[in-house]
Amino acid sequence: MSALLEVRGLTKRFGGLTAVHDLDFEVREGEILGVIGPNGAGKSTTFNLIAGTYAATAGDVRFAGEPILGLAPHRIAARGVMRTFQHNRPFAGMPVIDNVLVGAHTRFGATLWSVVLGRSRAEEARRRERAAELVQFVGLGELARADVTTLSFGQGRLLEIARALAGEPRLILFDEPAAGLTAAECARLAEIIRGIAARSIAVLLIEHDMHFLLPLAHRVVVLNFGAKIADGLPAEVRTHPAVMDAYLGSHAAH
Ligand SMILES: Nc1ncnc2c1ncn2[C@@H]1O[C@H](COP(=O)(O)OP(=O)(O)OP(=O)(O)O)[C@@H](O)[C@H]1O
Ligand SMILES: [Mg+2]
């Protein structure tokens, strides 16, 4: 497997605070790479840097061999990097399926443009068909026409995932997708994430909950105070002394 995403020397300072410090890691094609670390470790900031939401202080990020650091978020999405947020962000007043279609437009441009350019009905029909397939894939098939405001929290999370997939990513970034879900929903989510990787889409998965992440990830990067303190197979990371310190220490403090 070759590296799809390469992160080198990535650094982000907010005033005097170094949220991400000289970070190196890579994500391979079709891989589920887990990112764990205590609160404030710099996980979401790392995502925001990769997705272009935050400007980096230093470093280099390459996607499919091309530098992406400094590009606008929509340009990074257009390259095939899609994300979900730590909190759900549905478009209220729209049915589930249309919310998913918005994901396709995020990457491929607005419907109006496709029409103006003569690109068309056929293309729109293809997207709609694909959106319907994705709604099924995440288990919301029966709710495709329902207004998003009627969805439960867990269903809203699944919608976010379908929407990100509608952009046909090669890499998808998940920020704590299991947060707030019931045990049954977590199990379902794990299956969906495995299904995404099985479609040869690489997954970069931030997760606070090691019980959720470790059985799912192919490899794990551990952050603490913005720096990488471990990187390896889930079984190696689980027993790594620095990880146990950072993790158990932080949990004990809560
Ligand atoms: N926009 C911002 N401005 C200033 N400081 C920020 C900003 N975003 C994050 N930080 C700080 O950067 C550090 C890393 O935050 P980040 O959100 O990346 O952590 P995290 O690992 O995602 O934590 P959590 O597990 O709580 O989601 C924290 O100290 C946070 O307060
Ligand atoms: Mg976070």
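Computed from a predicted model, the values in this text were never measured in an experiment. Every number for a ligand or one of its atoms is a count from 1 in the order of the listing. Just so you know, these numbers use all the heavy atoms, side chains as well, and skip hydrogens, waters and symmetry mates.
- Here the closest non-hydrogen pair linking A164 and M82 is O-CG, 3.4 Å.
- The distance criterion of under 3.5 Å between nitrogen or oxygen atoms is met by G40 with respect to ligand 1.
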Side-chain donor-acceptor pairs under 3.5 Å in residues 233-240, sequence neighbours left out?
| unit_1 | atom_1 | unit_2 | atom_2 | d |
| --- | --- | --- | --- | --- |
| E236 | OE1 | L233 | N | 3.0 |
| T239 | OG1 | A235 | O | 3.4 |
| T239 | OG1 | E236 | O | 3.3 |
| H240 | ND1 | A242 | N | 3.2 |

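- Listed by number with element, the atoms of ligand 1 under 4.0 angstrom from any heavy atom of E176 are 25 (O), 27 (O).
- Contact record, R199 with F137: NH2-CD1, 3.5 Å, taken as the closest heavy-atom pair.
- Below 4.0 Å from some heavy atom of Y54 lie the following atoms of ligand 1, by number and element: 1 (N), 8 (N).
- Residues D24 and R8 share a closest heavy-atom pair of OD1-CA, 3.2 Å.
- The proximity of L17 to ligand 1, defined as any non-hydrogen pair under 4.0 Å, is limited to the side chain.
- For T45 (side chain) and V20 (main-chain N/O), no donor-acceptor pair under 3.5 Å exists by modelled atom type.
- Proximity annotation for atom 26 (O) of ligand 1: of N39, N224, L49, N39 comes nearest, heavy atoms only.
- Across all their heavy atoms, R163 and N99 have their closest contact at CD-O, 2.8 Å.
- For the ligand labelled ligand 1, residue G42 lies inside the 4.0 Å heavy-atom shell.
- Ligand-side atoms of ligand 1 in range of H208: 25 (O), range being under 4.0 angstrom from any heavy atom.
- Between A41 and ligand 1, a contact under 3.5 Å exists for at least one N or O pair.
- Coordination check, S44 versus the Mg ion (ligand 2): passed, since an N/O/S atom of the residue sits under 2.8 Å.
- Screening residues 26-73 for ring pair (Phe, Tyr, Trp, His ring centres under 6.0 Å) gives F14-Y54 as the qualifying pairs, with residues at least two apart or on separate chains.
- Shown in contact with T45 at under 4.0 Å from a heavy atom are these atoms of ligand 1, numbered in order with element: 9 (C), 14 (C), 15 (O), 16 (P), 18 (O).
- Taking a cutoff of 4.0 Å between a charged side-chain nitrogen and a carboxylate oxygen, R170 and E29 qualify as a salt bridge.
- For ligand 1, the polar-atom distance check finds an N/O of S44 within less than 3.5 Å of one of the ligand's N/O atoms.
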